[in-house]
Amino acid sequence: MVRVATWNVNSLRVRLPQVLDWLRAQAPDLVGLQETKVPDEAFPREELEALGYHAAHAGQAGYNGVALLSRTPPRQVWCDLPGEEDGGRRLVAATYGEGVRALRVVNVYVPNGERVGSDKYRLKLRWLEALEAWLRNELTRHPRLVVLGDFNVAPADEDVHDPLVWTGRIMCSGPERERFRRLLALGLCDTYRLFPQEGSPFTWWDYRMRAFQRDLGLRIDHILASAPLCERCTACRIDRGPRALPRPSDHAPVIAEFQ
DNA sequence: ATGTCTCAGGGACTGAGA
């Protein structure tokens, strides 16, 4: 069994004590982190190694940054989305294990897009199109593929606390959802929706307006899996615990299990 | 209430990004 997680930590340096506590408590085999906001030379490698985790990090100062933490060492590490390198460090991929059991994991931090119609929105749509093209090739080489991260897209109205308020807005607009569906159409499943789920499905709550306490959230963090892995997926859940701590990230982790 | 949090720059606070 392998447990795979994704968590946008909104600064790995600020959140490191929470991340270390969470790794000790949940003991996932693989974790994709987003918004590490730390350059590679300042990555907290020793603290994570002390807990038994290897790291593949694509970081920068101030913004963005993604990392893959793993119990087994990463192989075939790839950083950045071809053609979109100027948009910040937003993609890291690696292979774990050997032979037919090898697992390929792609960790993404999709651009936020600011607001529908903005330059950043157009860049977000283009980034998602480039990701689709790159993943199509990745799937031909790695049948056991997991694509996880902060997609900044709520795929459907049931992933939104108030669909009327959010209709057509950033993270919920038709073009963003259409790009997300195209990723699924490559042959990936949304592991959270493989199972009946209890409670609200949100993974992100705005820091403002006491949104978490009022459960005004969106489901924008996802763990997608290729068909051979979907058949072996036994659970996917959201861990709201870290979001309720003092000084939390605005995102909660998502964890999927594969047999 | 554009209502919170993080970071860079510069050395207190402002602006950007989310």
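Numbers restart at 1 for each chain; the letters A, B, ... are given by sequence-line order, proteins then strands.
- Applying the salt bridge (charged side-chain N to carboxylate O under 4.0 Å, His left out) definition to pairs two or more places apart or across chains, those involving residues 15-31 of chain A are Asp21(A)-Arg24(A).
- For residues 81-96 of chain A, every residue pair satisfying the salt bridge (charged side-chain N to carboxylate O under 4.0 Å, His left out) rule, not counting sequence neighbours, is listed here: Asp40(A)-Arg89(A), Asp80(A)-Arg89(A), Glu84(A)-Arg126(A).
- If you check residues 239-250 of chain A against DNA chain B, the residues with a heavy atom closer than 4.0 Å are Arg247(A), listed by number.
- Counting non-hydrogen atoms under 4.0 angstrom, Ala211(A) reaches nothing in the nucleic acid.
- Results of the side-chain contact (heavy atoms from CB on, under 4.5 Å) test with Ile223(A) over Val146(A), Val105(A), Leu229(A) single out Val146(A) as the only residue that passes.
- Among the heavy atoms of the strands, none lies under 4.0 Å from Arg115(A).
- Residue pairs meeting the salt bridge (charged side-chain N to carboxylate O under 4.0 Å, His left out) criterion with at least one partner in residues 104-117 of chain A, sequence neighbours excluded, are Arg104(A)-Glu138(A).
- Within 4.0 Å of Phe212(A), counting heavy atoms only, lies no atom of the nucleic acid at all.
- Residue pairs that meet the ring-ring contact (aromatic ring centres under 6.0 Å, His included) test with at least one member in residues 89-122 of chain A, sequence neighbours left out, do not exist here.
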Extract all donor-acceptor atom pairs below 3.5 Å that involve side chains of residues 233-243 of chain A and protein atoms in other chains or at least two apart in sequence.
{"unit_1": "Thr234(A)", "atom_1": "OG1", "unit_2": "Glu257(A)", "atom_2": "O", "d": "3.4"}
{"unit_1": "Arg237(A)", "atom_1": "NH2", "unit_2": "Gln26(A)", "atom_2": "OE1", "d": "2.9"}
{"unit_1": "Asp239(A)", "atom_1": "OD1", "unit_2": "Gly241(A)", "atom_2": "N", "d": "3.0"}
{"unit_1": "Asp239(A)", "atom_1": "OD2", "unit_2": "Trp22(A)", "atom_2": "NE1", "d": "2.8"}
{"unit_1": "Asp239(A)", "atom_1": "OD2", "unit_2": "Gln26(A)", "atom_2": "NE2", "d": "3.4"}
{"unit_1": "Arg240(A)", "atom_1": "NH1", "unit_2": "Ser200(A)", "atom_2": "OG", "d": "2.7"}
{"unit_1": "Arg240(A)", "atom_1": "NH2", "unit_2": "Asp215(A)", "atom_2": "OD1", "d": "2.9"}
{"unit_1": "Arg243(A)", "atom_1": "NE", "unit_2": "Ser249(A)", "atom_2": "O", "d": "3.3"}
{"unit_1": "Arg243(A)", "atom_1": "NE", "unit_2": "Asp250(A)", "atom_2": "O", "d": "3.2"}
{"unit_1": "Arg243(A)", "atom_1": "NH2", "unit_2": "Trp205(A)", "atom_2": "O", "d": "2.9"}

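- Through side-chain heavy atoms spaced under 4.5 Å, either directly or across other Ile, Leu, Val, Met, Phe, Trp or Tyr residues, Phe180(A) is tied to Trp78(A), Leu81(A), Leu91(A), Val106(A), Val108(A), Val110(A), Trp127(A), Leu128(A), Leu131(A), Trp134(A), Leu135(A), Leu139(A), Leu145(A), Val147(A), Phe151(A), Val153(A), Leu183(A), Leu184(A), Leu186(A), Leu188(A), Leu224(A).
- Taking a heavy-atom distance under 4.0 Å as the criterion, the stretch of DNA chain B touched by chain A extends 5' to 3' from dG3(B) to dA18(B).
- For Tyr63(A), the ring-ring contact (aromatic ring centres under 6.0 Å, His included) criterion is met by no residue, not counting sequence neighbours.
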